[in-house]
Q: 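Attaching a single structure in structure tokens format; questions to follow.
Remember, it's 1-based here, ligands and their atoms both numbered in the order they're listed. None of the values given here were measured: they were computed from a predicted structure.
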Amino acid sequence: MELKFVQTTCPYCGTGCSFNLVVKEGKVVGTQPYTRSPVNEGKVCPKGTYAHEFVNSPDRLTKPLIKKDGRFVEATWDEAYDLIVQKFRSYRPDEFAALASARVSNEENYLMMKFTRGVMKSRHIDHCARLCHASTVAGLAASFGSGAMTNSIPDIAESKCVFVIGSNTFEQHPLIGRRIVQARMNGAKVIYADPRYTPTARQADLYMQFVPGTDVAILNGLMQEIIRNGWEDKEFIETRTRDYEKLKEVVMKEDYSLENVSKISGIPVEHLKTAAEWFGTIRPGAILYSMGITQHTVGVDNVRSIANIQMLTGNLGKPGAGVNALRGQNNVQGACDMGCLPNVFTGYQKVTDEGVHKKFADAWGFPDGICEPETGYEVTVMMNVLVDNPGELKCMYIMGENPMLSDPDINHVREAIGNLEFLVVQDIFLTETAELADVVLPSACYAERDGTQTSTERRVQMWRKAQEPPGEAKEDWKILCELAAKMGYAEQFPYQDMEEIFNEIAALTPSYHGMSYERLERPEALHWPCPTAEHPGTPILHREKFSHPDGLGVFAPIEWQPPAEVPDAEYPYILTTGRILWHWHTGSMTRRSRTLDSEVPTGWIEINAGDAKELGIQNGEIVRAVTRRGSVNVPAKVTPDIMRGVMFMPFHFAECPANLLTHNALDPIAKIPEFKACAVRVEKITEA
Ligand SMILES: Nc1nc2c(c(=O)[nH]1)N[C@H]1C(S)=C(S)[C@@H](COP(=O)(O)OP(=O)(O)OC[C@H]3O[C@@H](n4cnc5c(=O)[nH]c(N)nc54)[C@H](O)[C@@H]3O)O[C@H]1N2
Ligand SMILES: Nc1nc2c(c(=O)[nH]1)N[C@H]1C(S)=C(S)[C@@H](COP(=O)(O)OP(=O)(O)OC[C@H]3O[C@@H](n4cnc5c(=O)[nH]c(N)nc54)[C@H](O)[C@@H]3O)O[C@H]1N2
Ligand code: SF4
Ligand SMILES: [Mo]
């Protein structure tokens with residue numbers, strides 16, 4: 001039997017590994033190493049290895065569905081389009097909102113952005129970056145003028161001191177974890193701070209367990225100790241930054257002495273001292289962070305503190321250093337780059353800038369104009385508006401997201417979605433969100449299309465089509481083009497293939513300007529910014545200057561504040577949430593992968609062994625976890641690995657959804673919810 005091998009990039013995390021899909025008789029049946037990618041050099045994690053398993057799942061959506069009398073009935077594409085067009089035309093621009101997707105290609109996200117702003121003329125477009133690295137995009141833009149991971153993945157192996165905080169790298173970005181191991185084999189010290197002793201902790205020379213939500217205090221304390229000992233990089237501070245005095249005024253306060261920070265965070269003073277000494281004196285030092293930093297009501301403050309410590313130590317613009325914000329989904333960087341955010345067009349060009357607005361309006365040529373040059377609503381704000389001001393938003397178009405499991409406070413989300421008049425969901429499976437839709441459109445998955453995606457290190461890489469989509473499912477870009485044509489805008493959506501869309505993106509986006517499919521075909525692809533056709537791309541940002549007009553990095557004085565909801569007598573523990581190696585978010589794909597799902601078939605709540613003893617809870621016992629939002633029955637996992645007073649739940653499992661419990665409290669700037677800290681109590685379930 002003849003086998004075909006199609007090289008593509010992984011549909012799961014933002015690391016951007018490559019592998020080959022094995023195709024037999026026109027169907028994807030396996031994966032195989034592809035050794036020429038400089039990102040993963042032929043290695044993959046379990047999700048990559050089994051990335052073929054969900055592709056031909058019998059659960060794939062194969063036909064459009066229309067809800068009639070509360071039940072879905074199969075429909076033709078024309079019936080589905082006709083209904084959508086009739087409804088979409090009945091709404092005013094501001095009554096419509098769209099969610100783009102970190103799962104689909106750059107080209108498709110660009111089209112969703114163009115559809116929302118051009119066809120629907122609405123300001124309201126966003127996507128799951130809001131739940132993820134919105135704090136990074138805002139925080140690093142304020143500190144450096146550009147909100148992306150500063151260095152490359154291979155570069156991490158060059159570091160001499162790797163400080164990982166709020167990232168469980170070995171489970172969530174395993175092939176970045178490999179670079180930490182390489183750095184350590186090259187003699188680097190590894191410092192890891194996390195409320196849980198995770199697989200990442202096992203790789204650390206120094207592990208610091210701490211109370212969730214105390215990151216700013218810890219970082220301020222480390223900076224105070226570095227300054228006290230004169231370990232700061234004076235030349236870097238002098239020549240490359242401003243507002244250092246303002247930073248110093250805050251971090252040198254008695255509040256941030258190591259003794260006080262130890263009291264706030266629970267980290268022993270000795271450990272803080274060692275961390276400050278290593279990070280203050282060993283160069284180059286890289287920081288890796290992810291959701292433990294961003295998903296807080298102080299998410300932007302946390303990110304700015306990370307930027308502060310890297311400017312203080314001069315760890316920017318050079319190999320082995322950097323602020324390495326590990327982006328989560330395969331193409332969340334790309335969805336942001338494509339302007340699927342309520343405040344920017346592609347390449348972070350501001351919607352409120354009249355020149356930019358005119359540039360896009362002119363290039364697109366909609367005879368009746370595009371959306372107003374005003375910022376729209378963020379996902380989390382959309383949900384709040386739907387509940388608090390019913391009737392303002394009436395219609396949503398959700399492509400490749402599952403907010404009914406991934407947004408905070410699911411009861412609130414259910415109420416919000418219930419207040420919509422018309423919901424279209426475009427997905428590869430009938431998700432918890434799709435169940436609530438009026439129309440469901442079946443789309444192709446990554447293995448069924450070409451296109452590009454941009455990984456966490458700003459590397460723009462290709463997907464390659466390996467098989468046809470099942471049944472009548474279509475590629476997301478084709479659906480968007482056909483729908484735009486039915487809405488009367490065929491001329492503005494004239495594309496024959498993805499490459500034509502990419503060329504339009506490159507023409508309108510300075511950081512992608514020098515890219516073409518031809519150039520991206522190479523195994524190493526290109527890192528943005530890549531402004532000209534000759535430019536080699538930019539693996540390391542901020543080498544000579546930062547992206548602010550004056551070229552300087554900006555220190556921000558940040559005071560520590562506790563989370564919005566802290567434990568009390570009624571809810572005495574801190575609940576934090578996150579991920580595990582084997583599953584992906586709402587489980588739509590991994591729970592339909594036989595191997596992954598049999599490895600870990602359901603969720604749990606991690607409880608410290610001492611706490612469990614006090615509560616009389618046994619390992620494996622089903623308990624009831626209760627917060628002010630709701631309650632969930634879930635197996636207890638009693639473990640010494642989590643800090644006392646803290647509990648952890650993975651959010652992948654529909655049968656025990658962590659997000660029934662989480663708190664919809666938002667960072668005032670980034671509008672990201674506080675998934676990483678709320679107050680919880682756990683009850684024994686007594687037989688009635
Ligand atoms: N296997 C797998 N990999 C994934 C994903 C997945 O679903 N499954 N999702 C991808 C996505 S979209 C993302 S964004 C990334 C996320 O990647 P990570 O951020 O690494 O994953 P999380 O588990 O959300 O959180 C990381 C760690 O933060 C710790 N933490 C909890 N509270 C705090 C706190 O207050 N401060 C600090 N500093 N740490 C805290 C948790 O104990 C946890 O170990 O992973 C990506 N990779
Ligand atoms: N409690 C808690 N909640 C969290 C987090 C947390 O740490 N704790 N983390 C948050 C973070 S960082 C993130 S990124 C979000 C993720 O939240 P979501 O993006 O809502 O989660 P996913 O399950 O990845 O949803 C992606 C959807 O896209 C579909 N899909 C896959 N491929 C395609 C395709 O090619 N086309 C189309 N149209 N659809 C496709 C999948 O079937 C799935 O339904 O969750 C957030 N929620
Ligand atoms: S590390 Fe990420 S990109 Fe690489 S194989 Fe695993 S899930 Fe895929
Ligand atoms: Mo994410």
Q: Atoms of ligand 2 less than 4.0 Å from R449 heavy atoms?
A: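 Close to R449: 34 (C), 35 (O), 36 (N).
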Q: First locate atom CG of N331, then atom CG of D337, and finally report the distance between them rounded to the nearest 0.5 Å.
A: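 So the CG of N331 and the CG of D337 are separated by 8.0 Å.
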Q: Less than 3.5 Å between some nitrogen or oxygen of T662 and one of ligand 2, yes or no?
A: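 The answer is no, given that T662 and ligand 2 share no N or O pair closer than 3.5 Å.
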Q: Test side chain to side chain contact (heavy atoms under 4.5 Å, CB included) on N411 and D409; report intermediate values, then the result.
A: CA-CA 6 Å; N411 287 323; D409 191 355; 3.9 Å; yes
Q: For S101, is the nearest heavy atom under 4.0 Å from an atom of ligand 2?
A: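 Heavy atoms of S101 never come under 4.0 Å of ligand 2.
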Q: Could you tell me if S305 and N308 have a donor-acceptor pair between their side chains, going purely by distance under 3.5 Å?
A: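 Not at all, the side chains of N308 and S305 share no donor-acceptor pair under 3.5 Å.
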Q: Does M649 reach ligand 2, in the sense of a heavy atom lying below 4.0 Å from it?
A: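 Distance cut 4.0 Å: M649 fails for ligand 2.
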Q: Could you tell me if any non-hydrogen atom of A444 lies under 4.0 Å from any atom of ligand 2?
A: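 It does, in that a heavy atom of A444 comes within the 4.0 Å cut-off of ligand 2.
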Q: So if I count the atoms of ligand 2 from 1 in the order they appear, which ones are less than 4.0 Å from some heavy atom of D476?
A: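 By the 4.0 Å cutoff, the relevant atoms are 34 (C), 35 (O), 36 (N), 37 (C), 38 (N).
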Q: In chain order, what residues pass the ring-ring contact (aromatic ring centres under 6.0 Å, His included) check against Y12, with sequence neighbours excluded?
A: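 Checked Y12 against ring-ring contact (aromatic ring centres under 6.0 Å, His included); matches are W584.
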Q: Considering all heavy atoms of both residues, which atom of E565 and which atom of C678 are nearest to each other, and what is their separation?
A: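 Shortest heavy-atom separation between E565 and C678 comes out as OE1-CB, 3.3 Å.
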Q: Please list, in number order, the atoms of ligand 2 under 4.0 Å from a heavy atom of S443.
A: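 Every atom of ligand 2 under 4.0 Å from some heavy atom of S443: 36 (N), 37 (C), 38 (N).
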Q: Using a 3.5 Å cut-off on N or O atoms only, is C445 in polar contact with ligand 2?
A: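 Looking only at distances, the answer is no, because the N/O contact criterion of under 3.5 Å is not met.
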Q: Which ligand 2 atoms, with their elements, are less than 4.0 angstrom from a heavy-atom of T431?
A: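 Within the 4.0 Å cut-off of T431, ligand 2 contributes 44 (O).
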Q: What heavy-atom pair brings C10 and N330 nearest, and what distance separates the two atoms?
A: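 Answer, listing the atom of C10 first, then N330: O-CB, 3.7 Å.
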Q: Are the aromatic ring centres of F653 and H583 under 6.0 angstrom apart?
A: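 When the ring centroids of F653 and H583 are compared, they turn out to be within the sub-6.0 Å range.
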Q: Would you please name every residue forming a ring-ring contact (aromatic ring centres under 6.0 Å, His included) with W77, sequence neighbours left out?
A: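 W77: ring-ring contact (aromatic ring centres under 6.0 Å, His included) contacts with Y81.
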Q: What heavy-atom pair brings V216 and N302 nearest, and what distance separates the two atoms?
A: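 Shortest heavy-atom contact: CG2-OD1, 3.1 Å.
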Q: Below 3.5 Å, N or O to N or O, backbone or side chain included: is there any such pair between D427 and ligand 2?
A: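 Yes, there is a polar N/O contact under 3.5 Å.
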Q: Show the atoms of ligand 2 that are less than 4.0 angstrom away from any heavy atom in V104.
A: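 In order of numbering, the contacting atoms are 34 (C), 35 (O), 36 (N), 37 (C).
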Q: Could you list which atoms of ligand 2 come closer than 4.0 Å to a heavy atom of N659?
A: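 Every atom of ligand 2 under 4.0 Å from some heavy atom of N659: 1 (N), 2 (C), 3 (N).
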Q: Please check if any side-chain donor atom of D407 sits under 3.5 Å from a side-chain acceptor atom of N664, or the reverse.
A: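 Per modelled atom types, D407 and N664 side chains form no pair under 3.5 Å.
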Q: Do R579 and H585 have side-chain N/O donor and acceptor atoms under 3.5 Å apart?
A: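 R579 vs H585: donor-acceptor pair found between side chains.
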Q: For a side-chain hydrogen bond (donor to acceptor under 3.5 Å, both in side chains) with Y289, tell me which candidate from N324, T136, T169 qualifies.
A: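 Testing Y289 for a side-chain hydrogen bond (donor to acceptor under 3.5 Å, both in side chains) against N324, T136, T169 leaves exactly one candidate, T136.
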Q: What is the distance from atom NZ of K671 to atom OG1 of T297, rounded to the nearest 0.5 Å?
A: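 Rounded to the nearest 0.5 Å, the NZ-OG1 separation comes to 13.5 Å.
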Q: Are there any protein N/O/S atoms under 2.8 Å from atom 8 (Fe) of ligand 3, and if so, which?
A: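 As for protein N, O or S atoms lying under 2.8 Å from atom 8 (Fe) of ligand 3, they are C10 SG.
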Q: Does the ring centre of Y34 sit less than 6.0 Å away from the ring centre of F19?
A: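 Between F19 and Y34, the centre distance exceeds or equals 6.0 Å.
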Q: Could you go through ligand 1 and note, for every N or O atom, any protein N or O atom closer than 3.5 angstrom, writing the atom names and distance to 0.1 Å, or 'none'?
A:
residue	atom	partner	partner atom	Å
ligand 1	1 (N)	K47	NZ	3.0
ligand 1	1 (N)	I580	O	2.8
ligand 1	1 (N)	L581	O	3.0
ligand 1	1 (N)	H583	O	3.4
ligand 1	7 (O)	R579	NE	3.4
ligand 1	7 (O)	H585	N	3.0
ligand 1	8 (N)	H583	O	2.6
ligand 1	9 (N)	R579	NE	2.8
ligand 1	9 (N)	H585	NE2	3.0
ligand 1	19 (O)	S290	OG	3.2
ligand 1	19 (O)	M291	N	2.7
ligand 1	20 (O)	N168	N	2.8
ligand 1	21 (O)	Q172	OE1	3.3
ligand 1	23 (O)	Q172	OE1	3.3
ligand 1	23 (O)	R579	N	3.0
ligand 1	24 (O)	R579	NH1	2.7
ligand 1	24 (O)	K676	NZ	2.9
ligand 1	32 (N)	T576	OG1	3.1
ligand 1	35 (O)	G213	N	2.7
ligand 1	35 (O)	H296	NE2	3.0
ligand 1	36 (N)	D215	OD1	3.0
ligand 1	36 (N)	D215	OD2	3.2
ligand 1	36 (N)	G292	O	3.0
ligand 1	38 (N)	G166	N	3.4
ligand 1	38 (N)	D215	OD2	2.6
ligand 1	42 (O)	D194	OD1	2.6
ligand 1	42 (O)	R196	NE	2.9
ligand 1	44 (O)	D194	OD1	3.3
ligand 1	44 (O)	D194	OD2	2.8
ligand 1	44 (O)	R196	NH2	3.0
ligand 1	47 (N)	Q172	O	2.7

Q: In Å and rounded to the nearest 0.5 Å, what is the OG1 to CD distance from T198 to Q209?
A: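 Between T198 OG1 and Q209 CD, I get 10.0 Å after rounding to 0.5 Å.
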